[in-house]
> 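Sending over a structure as structure tokens; questions will come in a sec.
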Amino acid sequence: MKEWKTRTTRLVRDSVKVSVMSFMIEAAKRWRTCFMVHAEDNPMVSYEGLFWSDAKKCHDNLVHAMELMGYAVFSEEIDAKKKRPRRRLPHRAQKNNNLP
């Protein structure tokens, strides 16, 4: 899988929203994954790893743990693009079709 530069997953349960964010710290050449609860004081826990695979594993584990606690993913962005983009419009799909 291609390495992403940023990844943000947002989850919600009842009215409590949480985020898992992973990104590269360019200056330090390290990956940081943060877990944050969106509340008045915004409590946050972070983890740093040397490799993209460390950030990917940590991110996936945090999301899985939150799902086990009843949270549901409502947004997943990788490099500021939705992970599952909407379907292309039919006229654009036809335009990109290179079949003879």
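Count residues from 1 along the sequence.
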> Would you say V18 and Y71 make side-chain contact, with heavy atoms under 4.5 Å?
yes

> Are any non-hydrogen side-chain atoms of K56 and H59 less than 4.5 angstrom apart?
no

> Does a side-chain heavy-atom distance below 4.5 Å link H38 with S19?
yes

> Going by heavy atoms in the side chains, are V16 and V37 under 4.5 Å from each other?
yes

> If we only count heavy atoms from C-beta on, is the T6 to I78 side-chain gap below 4.5 Å?
no

> Is any side-chain heavy atom of K17 closer than 4.5 Å to one of L11?
no

> To the closest 0.5 Å, what do you measure between CE (M21) and CG (L62)?
10.5 Å

> Sub-3.5 Å donor-acceptor pair from the side chain of D79 to the main-chain atoms of W4, do we have one?
no

> Starting from M44, can I reach M66 by hopping between I/L/V/M/F/W/Y residues whose side chains sit under 4.5 Å apart?
no

> Enter the distance from S75:OG to E77:CD here, rounded to the nearest 0.5 Å.
4.5 Å

> In terms of hydrophobic clustering (I, L, V, M, F, W, Y; side-chain heavy atoms under 4.5 Å; direct or indirect links), are M69 and V45 co-clustered?
no

> Can you list the residues that meet the salt bridge (charged side-chain N to carboxylate O under 4.0 Å, His left out) rule with R13, with sequence neighbours excluded?
none

> Any heavy-atom pair between the side chains of W52 and W31 that's under 4.5 Å?
yes

> Taking all atoms of both residues into account, what is the closest heavy-atom pair of T33 and S22, and its distance?
OG1-OG, 3.0 Å

> Could you report the tightest heavy-atom contact between S46 and C34, atom names first, then the distance?
CB-SG, 3.8 Å

> Would you say D54's side chain and L50's backbone share a donor-acceptor pair under 3.5 angstrom?
yes

> Would you say the side chain of K29 lies within less than 4.5 Å of the side chain of M24, judging by non-hydrogen atoms?
yes

> Going from CD1 on I25 to CZ on R30, what distance comes out if it is rounded to the nearest 0.5 angstrom?
7.5 Å

> Between the side chains of R7 and D60, is the shortest nitrogen-to-carboxylate-oxygen separation below 4.0 Å, so that they form an ion pair?
yes

